[in-house]
Amino acid sequence: MHDAHLYAILPAADGQPAAVTTHSVVYQAAVDGAADVLNTWLGNPNEQNLLELMHERLDRTPGSAREPFAMPSCCACSSAFAPTIRHRLLAL
């Protein structure tokens, strides 16, 4: 088992528990941000395009905090998407 404190945690959502990711804790902001964007979009998917929402969030992110969203570490963002969708689907 991984030492959970060394890895980014996907936040609990929709009654599902938090989950340890495979990404270093330094990417916690990216995982949180990606989960936040996806949860916002899942709340009203017809309101805005998912990629536009992600870019808007990135545009509001201070320069020093953008690094986790850059390639190749953007996989920390991407890997938060599938588990966040899973949380939502399990809650249905």
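The first residue of the sequence shown is numbered 1, and numbering continues consecutively from there. All values below were derived from every heavy atom in this structure, side-chain atoms included, with hydrogens, water molecules and symmetry-related copies excluded.
Within the 3.5 Å criterion, the main-chain N or O of Asn49 finds no donor-acceptor partner in the side chain of Trp41. Not a single donor-acceptor pair under 3.5 Å links the side chain of Asp36 to the backbone N or O of Asp32.
Looking at every heavy atom in both residues, Pro11 comes nearest to Ala35 through CD-CB, 4.2 Å. Between Asp14 and Asn39 the shortest heavy-atom distance is OD2-OD1, 4.4 Å. Scanning all heavy atoms of the two residues, the minimum distance from Val31 to Ile9 falls at CG1-O, 3.9 Å.
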